[in-house]
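Single-structure report; data block below.
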There are 2 protein chains.
Amino acid sequence: MKLDKGLMAGSSTMLVLTLLESGDMYGYQMIEELSRRSNQVFQMQEGTLYPILHTLEKGKYLSSYEQQAPTGRMRKYYKLTRKGRELLGEKKSEWEKFHSGVEAVLSFS
Amino acid sequence: MKLDKGLMAGSSTMLVLTLLESGDMYGYQMIEELSRRSNQVFQMQEGTLYPILHTLEKGKYLSSYEQQAPTGRMRKYYKLTRKGRELLGEKKSEWEKFHSGVEAVLSFS
DNA sequence: ATATTATACCTAGATATTCAAGGTATTGTC
DNA sequence: GACAATACCTTGAATATCTAGGTATAATAT
């Protein structure tokens with residue numbers, strides 16, 4: 001992830017779900033989008049992303065379908081399910097809590 | 001930690017170092033202080049904290065000394081070294097970067 | 001034509017971090 | 001005298017990331 005490995009733990013799933021909020025995407029695209037939207041802060045590795053996608057799909061948080069690209073290549077698209085949206089809500093509120101905790105400690109005087 | 005375990009990874013060291021910025025502390029006290037300053041968001045476990053302290057001391061980021069409490073009990077105080085302050089600076093700037101990345105992704109429209 | 005790069009998917013093993021659950025010992029409280 | 005709070009510590013399981021590999025197709029450069 002280019003950043004301290006540890007920092008990413010726990011937020012990767014939220015970031016992936018967030019990406020899918022704006023539309024279905026395939027894995028490779030998510031990596032590019034995440035980099036773009038974060039202003040190049042996040043360079044998620046494939047070895048990180050694909051297991052996350054598989055786990056989320058197994059848990060019914062995502063569904064997937066294959067679709068042929070204009071180039072002729074097959075791409076595996078992922079779609080947020082209702083359950084996935086709920087999970088995203090929980091992840092976001094956990095992030096809020098965590099974030100506010102860190103900021104409180106950092107700005108303590 | 002009470003929060004998603006993963007979220008903590010990577011920030012615990014920064015939080016511990018930050019506590020010591022305001023003065024020497026002993027382990028048990030750090031757990032209470034961290035909880036207090038974070039408005040009860042963080043309840044660090046002893047099994048998390050002590051290994052962190054030992055690793056930081058081994059790396060010369062902290063030094064320690066024993067001191068008797070008014071109660072008569074021995075407490076092991078930790079103190080930030082110059083090297084520790086430098087590490088804290090790096091950790092803080094990494095947190096800034098990470099934080100800005102997450103916020104950028106979350107607020108993307 | 002052929003080699004290289006970019007696209008697109010995947011997995012196994014090493015590493016790092018937290019937590020649960022235990023242990024030791026002293027002090028204060030009921 | 002028993003129990004809770006204080007204060008330190010370690011081991012093993014669980015979780016998450018990354019490295020480094022693998023497979024295959026399409027586009028580009030030589």
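Letters go in sequence order (proteins before strands), and every chain restarts at 1.
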Practice problem: Mind running a 4.0 Å heavy-atom check of residues 67-76 of chain A against DNA chain D and sending the residues that fall below it, in number order? | Solution: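 The answer is A/T71, A/R73.
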
Quiz prompt | Toward the 5' end of DNA chain D, by each residue's nearest nucleotide, B/Y78 or B/E32 | solution = B/E32

Under the salt bridge (charged side-chain N to carboxylate O under 4.0 Å, His left out) test, residues paired with [X] that sit two or more places apart:
{"X": "A/K83", "result": "none"}
{"X": "B/K76", "result": "none"}
{"X": "A/K60", "result": "none"}

Practice problem: Quick one: which residue pairs count as a salt bridge (charged side-chain N to carboxylate O under 4.0 Å, His left out) with a foot in residues 35-47 of chain B, not counting sequence neighbours? | Solution: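 Those involving residues 35-47 of chain B are B/E33-B/R36, B/E33-B/R37.
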
How long is the line joining [atom1] of [X] and [atom2] of [N], in whole Å?
{"X": "B/E66", "N": "D/dA7", "atom1": "CD", "atom2": "C1'", "result": "11 Å"}
{"X": "B/F42", "N": "C/dT18", "atom1": "CZ", "atom2": "P", "result": "12 Å"}
{"X": "A/L53", "N": "C/dC10", "atom1": "CG", "atom2": "P", "result": "8 Å"}
{"X": "A/D4", "N": "C/dT18", "atom1": "CG", "atom2": "P", "result": "10 Å"}
{"X": "A/K58", "N": "C/dT11", "atom1": "NZ", "atom2": "C1'", "result": "12 Å"}
{"X": "A/K91", "N": "D/dA16", "atom1": "NZ", "atom2": "C1'", "result": "11 Å"}
{"X": "A/Q45", "N": "D/dA20", "atom1": "CD", "atom2": "P", "result": "11 Å"}
{"X": "B/L49", "N": "D/dC9", "atom1": "CG", "atom2": "P", "result": "9 Å"}

Quiz item: What distance do A/E32 atom CD and A/Y26 atom OH have between them, rounded to the nearest 0.5 Å?
Solution: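 Spacing of CD (A/E32) from OH (A/Y26) equals 6.5 Å.
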
Self-check item: A/L62 side, atom CG; A/L56 side, atom CG - distance, nearest 0.5 Å
Solution: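 Those atoms lie 4.5 Å apart.
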
Quiz prompt | ILVMFWY network linking A/L34 to A/L49, side-chain heavy atoms under 4.5 angstrom | solution =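 Yes, A/L34 connects to A/L49 through the hydrophobic network.
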
Quiz item: Is there side-chain contact between A/L53 and A/Y50, with at least one heavy-atom pair below 4.5 Å?
Solution: yes

Self-check item: Minimum-distance nucleotide (side-chain atoms of A/Y26 versus C/dC9, D/dC18, D/dT15)
Solution: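 Looking only at side-chain atoms, A/Y26 lies closest to C/dC9.
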
Quiz prompt | Proximity to the side chain of A/Y28 - top-ranked nucleotide from D/dA14, D/dC8, C/dT7 | solution = C/dT7

Self-check item: Basic-acidic side-chain contact under 4.0 Å: B/E86, B/R82
Solution: yes

Would you tabulate the pairs of protein nitrogen or oxygen atoms and nucleotide nitrogen or oxygen atoms of nucleotides 10-12 of chain D closer than 3.5 angstrom?
from: D/dT10; atom 1: OP2; to: B/H54; atom 2: ND1; distance (Å): 3.2

